Amino acid sequence: MSVSILQFRQAISVFTPICANVFESLGLGWWEILFHTVNLLVLIIALRFLLYKPIKKLIANHKKKMDDVFEENKKLEKEAVEAKEKYDKMIIEAKEEVAKASVEAADNARIKSEATIEEAKKQAENIIESAKRETEAERQRMKNDYRETVGRLAVDIAEKVLEREIDKKDNAKIIDKCLDEWEDR
C-alpha cells in the first residue's frame with residue numbers, strides 16, 4: 001500500500017504544475033476558479049430545487065395518474081367481463097324461458113285440443129243419443145199408428161166377415177194378437 005500512496009503523490013505532483021499552467025494560460029486564478037466552482041454548485045442546487053424536484057414531483061404525479069388510469073382500466077375491464085357474463089347468462093335464461101314457454105304453449109294447445117276433441121265426442125254422443133231417442137220415439141209413434149191402422153182394418157175386416165159389431169175390449173185383444181204375430185215375423 002505504501003507503494004500505491006507514493007505513486008499517487010507522484011502523479012499529483014506531476015498533474016498539479018500542469019493544471020496550474022493550464023489555468024494560468026487561460027488567465028484564471030485560484031480565486032476565480034473557486035468563484036466559478038461556487039457558482040456552479042449554487043446553480044446545481046438551484047436547478048435541483050427549481051427544476052429537478054418539481055419535475056420529479058410532476059413525473060410522480062403523472063405516474064400516479066397513469067397507475068390510477070391503469071387500475072381504472074383494469075376495473076372497467078373486469079366490469080365489462082362481468083357485464084358480458086351477465087349478458088350471456090341473461091341470453092341463456094331468455095332462451096330457456098322461450099323454450100319453456102314454447103313447451104307450455106304446446107302443452108296448452110294439446111290440452112285445449114284434447115278438451116275440444118272430448119267436447120266434440122260428448123256432443124257427438126249426445127247427438128247420437130238424441131237421435132236414438134228420437135228414432136225410438138218415432139218408432140213407438142209409428143208402432144202406435146200401425147196398431148191403430150191395423151186395428152181399424154182388422155175391425156173393419158172382422159165386421160165384414162162376421163157382420164156383427166165387436167166391442168172395444170175384443171177389438172184390443174184381436175189387435176194385440178195380430179200385432180204380436182206381425183212383430184214376430
Side-chain angles (χ1 to χ4, degrees), residues 1-140:
M1 277 205 182
S2 60
V3 174
S4 62
I5 293 176
L6 183 61
Q7 288 175 349
F8 179 70
R9 283 186 182 172
Q10 285 177 353
I12 289 179
S13 64
V14 171
F15 182 69
T16 305
I18 294 174
C19 286
N21 288 336
V22 170
F23 290 133
E24 284 178 11
S25 64
L26 291 175
L28 297 173
W30 286 104
W31 287 106
E32 292 172 341
I33 293 173
L34 184 63
F35 176 73
H36 287 298
T37 304
V38 170
N39 278 340
L40 180 63
L41 288 175
V42 169
L43 181 64
I44 289 173
I45 291 171
L47 287 176
R48 177 175 172 90
F49 284 111
L50 294 177
L51 291 177
Y52 180 72
K53 283 190 177 183
I55 289 175
K56 187 176 178 183
K57 187 176 179 182
L58 183 68
I59 289 172
N61 286 340
H62 282 301
K63 184 177 185 231
K64 183 180 178 199
K65 286 180 184 178
M66 294 292 281
D67 289 343
D68 291 345
V69 167
F70 184 70
E71 288 298 319
E72 184 69 23
N73 284 343
K74 279 186 179 179
K75 181 181 172 186
L76 290 174
E77 183 178 332
K78 183 179 177 183
E79 288 176 3
V81 167
E82 289 174 358
K84 184 181 183 309
E85 289 173 356
K86 185 177 178 182
Y87 174 75
D88 291 342
K89 184 178 178 182
M90 287 173 54
I91 286 176
I92 290 170
E93 288 174 357
K95 286 180 181 179
E96 289 174 355
E97 238 177 84
V98 167
K100 186 178 178 181
S102 295
V103 168
E104 286 178 8
D107 287 344
N108 288 340
R110 182 183 49 81
I111 290 169
K112 284 182 181 179
S113 67
E114 288 175 357
T116 303
I117 290 170
E118 190 64 33
E119 183 66 28
K121 283 181 181 178
K122 286 180 183 177
Q123 287 178 356
E125 288 175 5
N126 289 340
I127 290 170
I128 291 170
E129 190 63 34
S130 175
K132 283 181 181 178
R133 281 190 303 247
E134 287 176 15
T135 303
E136 186 62 32
E138 184 65 23
R139 192 171 142 237
Q140 285 296 334

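Just so it is clear, the structure is predicted and the values come from calculations on it, not from any experiment.
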Can you tell me how far the CE atom of Met90 sits from the CD atom of Glu97, to the nearest 0.5 Å? 10.5 Å
Is Asp88 salt-bridged to Lys84, cutoff N-O under 4.0 Å? yes
Nearest-0.5 Å distance, CG of residue Leu41 to CZ of residue Arg48: 13.0 Å
Take Lys95 and Ile91 through the side-chain contact (heavy atoms from CB on, under 4.5 Å) test and state the conclusion after the steps. CA-CA 6 Å; Lys95 286 180 181 179; Ile91 286 176; 3.8 Å; yes
How long is the straight-line distance from CD1 of Ile117 back to CZ of Arg110, given to the nearest 0.5 Å? 11.0 Å
How about CD on Glu77, more than 12 heavy atoms from neighbouring residues, nucleotides or ligands closer than 6.0 Å, or not? no
Could you grab the distance from atom NZ of Lys89 to atom CD of Glu82, nearest 0.5 Å is fine? 12.0 Å
Hey, does Leu40 have a side-chain heavy atom less than 4.5 Å from the side chain of His36? no
The reported gap from CG in Asn39 to CD1 in Ile44 (rounded to nearest 0.5 angstrom) is 11.0 Å
Pairing of Glu136 and Arg139 as salt bridge, 4.0 angstrom limit: yes
Which value, rounded to the nearest 0.5 Å, describes the distance between Glu134 atom CD and Ile127 atom CD1? 10.5 Å
Determine the sole option in Met66, Lys64, Glu72 for which the side-chain contact (heavy atoms from CB on, under 4.5 Å) test with Asp68 is passed. Lys64
Please walk me through it: do Glu71 and Lys75 pass side-chain contact (heavy atoms from CB on, under 4.5 Å)? CA-CA 6 Å; Glu71 288 298 319; Lys75 181 181 172 186; over 6 Å; no
